[in-house]
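Have a look at the structure below, then the notes.
Since we're looking at a predicted model, the values are computed, not measured. Quick note on labels: first sequence line is chain A, next is B, and so on, each numbered from 1.
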Protein chains: 4
Amino acid sequence: MLINLDFESNEPIYQQLVHQIIEGIARKEIAPGEGLPSVRSLASDIGINLHTVNKAYQQLKQDGFILIHRQKGVVVNPDGVPKADANYKKQLEKNLRPLIAESICRDVSEEEFLRLCSTIFETYQGGSA
Amino acid sequence: MLINLDFESNEPIYQQLVHQIIEGIARKEIAPGEGLPSVRSLASDIGINLHTVNKAYQQLKQDGFILIHRQKGVVVNPDGVPKADANYKKQLEKNLRPLIAESICRDVSEEEFLRLCSTIFETYQGGSA
Amino acid sequence: MLINLDFESNEPIYQQLVHQIIEGIARKEIAPGEGLPSVRSLASDIGINLHTVNKAYQQLKQDGFILIHRQKGVVVNPDGVPKADANYKKQLEKNLRPLIAESICRDVSEEEFLRLCSTIFETYQGGSA
Amino acid sequence: MLINLDFESNEPIYQQLVHQIIEGIARKEIAPGEGLPSVRSLASDIGINLHTVNKAYQQLKQDGFILIHRQKGVVVNPDGVPKADANYKKQLEKNLRPLIAESICRDVSEEEFLRLCSTIFETYQGGSA
DNA sequence: GTGGTCTAGACCACG
DNA sequence: GTGGTCTAGACCACA
């Protein structure tokens, strides 16, 4: 799995890492139960600080995406990721809302917006087909 | 128009302000050409520093949402906001992608996701109907 | 002579006025000795504040472009504008320098820059031919 | 690279800073990809507030002159500055026009004006020759 | 009264 | 250590 970081982005590196790993899971490039590189090796592979990788892993663990075993190392949660709960959906709406508001102001139609979402969905589901 | 800030959020206050004003424009609560409160009055209304309001206004100006008119003060761009260009859509996709990836991991179906988007769209377009 | 102000510009209105009048003189639309509208009438014509017009006139007087007679009103300096002195040229260079520096950074060649200047010169000298 | 500010000038300090840095880039004293001092160190070197430096940096970033790299700090845009587009040229003409108009009024000939521009150009291109 | 600029000092997230 | 954010208070130019 390829990690692609933008060091000039406003998005913190550890956040980009989190997103990239989640995308890898969504794209089924990394299956539940499968192992991830150790903090140390991943950090040196990408050329970033240990702390940064660690922070990403901690957040992924926090959100139930991965488990961190002292011995087995880092693995994708074999039970799968916790399903979306009300809380998650509330958060999702909160994130979506400003994107949609600005899109409306910029004359992006609802159809076009939904079409864009579908296109992105395909990017991931194509991998599972 | 009501401004509702969350001082506990990680999202910077000025960003929240930007979003809220954009939402106000999307909801057509503030019409093009209409005036916005002065930096000082808005700041004291919300109970934040005028520099924070100013930063929000500067960003909105930068993005073409508002103009700073020497006589009328701060006004919503009467020509409307610049339409979505390729750049904006690229940015939009970049913002949408991690939300969709995580939703997939959490077993949110595409239909459900699109339905949520539609619901949010209605929040705004209901105002114009 | 037409005055064309941009109320959304960063350039103060009185400065814009000063520039427009100087351009009028350069374009020979207003000849030396000729009269300019009174502060009051110009202000109401353009729809701006008296003080603003006054400030512009004061600066033009200061720079030797116009004379303000108590009775004859405002007239373009019949002796012509003071020639460029060393001081003016120093100032001119100081204003030109950042424009040229940025142009170089943006890959505007010297020829292109000079050509642009010539084109602008023609705008004025065409009027005298 | 030397920074030379005039605290008596009407030109805001942060603007002067922006210009000086652009001149430094034009003079090739700072090469693309090369680092600039941190906000704090530059501020204390010059003896101004760090916010003032920051404002200058933000504007340079906005205009594509510099990047804020999460690891390398502030660097001159390695891809070079965006070329002059129609918009920039329009702006340039708008800035040049009043300078030329006043020069005409003050009897500066076109040749002399162009010669001055050339002289300034040499100031920068001499560095690359 | 407005926005624009500058200063000063503080806290935080990031790497 | 960095930049990002927020506050507070000041002065000035503009209209």
Side-chain angles (χ1 to χ4, degrees), chain A residues 5 7-17 43 46-56, chain B residues 5 7 9-17 35-44 46-59 61 66-75, chain C residues 5 7-17 43 46-56, chain D residues 5 7 9-17 35-44 46-59 61 66-75:
Chain A
L5 301 178
F7 293 98
E8 288 145 20
S9 165
N10 300 315
E11 198 182 18
I13 295 178
Y14 83 95
Q15 274 284 9
Q16 294 184 45
L17 235 187
I46 318 185
I48 61 178
N49 198 299
L50 284 178
H51 301 336
T52 309
V53 176
N54 194 44
K55 189 161 186 177
Chain B
L5 301 177
F7 294 95
S9 165
N10 301 315
E11 197 184 18
I13 296 180
Y14 82 95
Q15 270 290 3
Q16 294 183 44
L17 236 186
L36 262 61
S38 78
V39 172
R40 277 174 175 80
S41 70
L42 183 52
S44 81
I46 314 183
I48 60 177
N49 192 283
L50 85 173
H51 290 123
T52 308
V53 176
N54 191 42
K55 189 162 184 178
Y57 275 8
Q58 289 302 327
Q59 181 167 326
K61 174 184 167 190
I66 64 174
L67 298 175
I68 307 219
H69 193 105
R70 290 210 168 249
Q71 298 179 314
K72 291 186 246 163
V74 181
V75 299
Chain C
L5 300 177
F7 294 98
E8 287 145 20
S9 165
N10 300 314
E11 197 182 19
I13 295 178
Y14 84 94
Q15 274 283 8
Q16 294 183 44
L17 236 187
I46 319 186
I48 62 178
N49 197 299
L50 285 177
H51 303 335
T52 310
V53 177
N54 195 44
K55 189 160 186 178
Chain D
L5 300 179
F7 294 96
S9 166
N10 301 314
E11 196 183 18
I13 297 180
Y14 81 95
Q15 271 289 4
Q16 294 183 44
L17 236 187
L36 263 59
S38 79
V39 172
R40 278 174 175 77
S41 71
L42 183 52
S44 81
I46 314 183
I48 61 178
N49 192 283
L50 84 172
H51 290 124
T52 308
V53 176
N54 192 42
K55 189 162 184 179
Y57 275 8
Q58 289 302 326
Q59 180 165 327
K61 175 183 167 190
I66 63 173
L67 298 175
I68 307 221
H69 193 106
R70 290 209 168 250
Q71 297 179 315
K72 291 185 247 164
V74 181
V75 298

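Toward the 5' end of DNA chain E, the nearer of the two residues Lys55(D) and Gln15(A), judged by each one's closest nucleotide, is Lys55(D). In terms of position on DNA chain F, the residue among His51(B) and His51(C) whose nearest nucleotide sits closer to the 5' end is His51(B). Nearest-nucleotide positions on DNA chain E for Asn54(B) and Asn49(D) put Asn54(B) closer to the 5' end. Of the two residues near DNA chain F, Gly47(B) and Asn10(A), the one whose nearest nucleotide lies more 5' is Asn10(A).
Reading DNA chain F from its 5' end, the first and the last nucleotide to sit under 4.0 Å from a heavy atom of chain B are dT5(F) to dA15(F).
For DNA chain F, if you chain together Watson-Crick or G-U pairs that step i with j, i+1 with j-1 and so on, the runs of at least three with distances under 3.5 Å are E:1-14 with F:1-14.
Going from atom CD of Glu8(A) over to atom C1' of dC14(E) covers 16 Å, rounded to whole Å.
Separating the CZ atom in Phe7(B) from the CD1 atom in Ile48(B) is a distance of 6.0 Å, to the nearest 0.5 Å. To the nearest 0.5 Å, atom OG of residue Ser41(B) and atom CD1 of residue Ile46(B) are 9.0 Å apart. For the atom pair Ile68(D) CD1 and Leu36(D) CG, the distance stands at 10.0 Å (nearest 0.5 Å). For the atom pair NE2 of His51(B) and NE2 of His51(D), the computed distance is 9.5 Å after rounding to the nearest 0.5 Å. Atom CD in Gln59(B) sits 10.5 Å away from atom CD1 in Ile66(B) (nearest 0.5 Å). Taken from CD in Gln58(D) to NZ in Lys55(D), the straight-line distance is 11.0 Å, to the nearest 0.5 Å.
OP1 or OP2 of dC14(E) has not a single side-chain nitrogen or oxygen of Arg70(D) nearer than 4.0 Å.
At the heavy-atom level, Ile13(D) lies under 4.0 Å from the strands shown only through sugar-phosphate atoms. Residue Gln58(D) is classed as a sugar-phosphate contact, given heavy-atom separations below 4.0 Å to backbone atoms only. When heavy atoms are screened at a 4.0 angstrom cut-off, Tyr14(B) is found touching the sugar-phosphate backbone but no base atom.
The closest side-chain heavy-atom distance from Val53(C) to Leu17(C) is below 4.5 Å.
The main-chain N or O of Leu50(D) is never found under 3.5 Å from a side-chain atom of Arg40(D) such that the two would form a donor-acceptor pair. The backbone N or O of Glu11(B) sits less than 3.5 Å from a side-chain atom of Gln16(B), completing a donor-acceptor pair.
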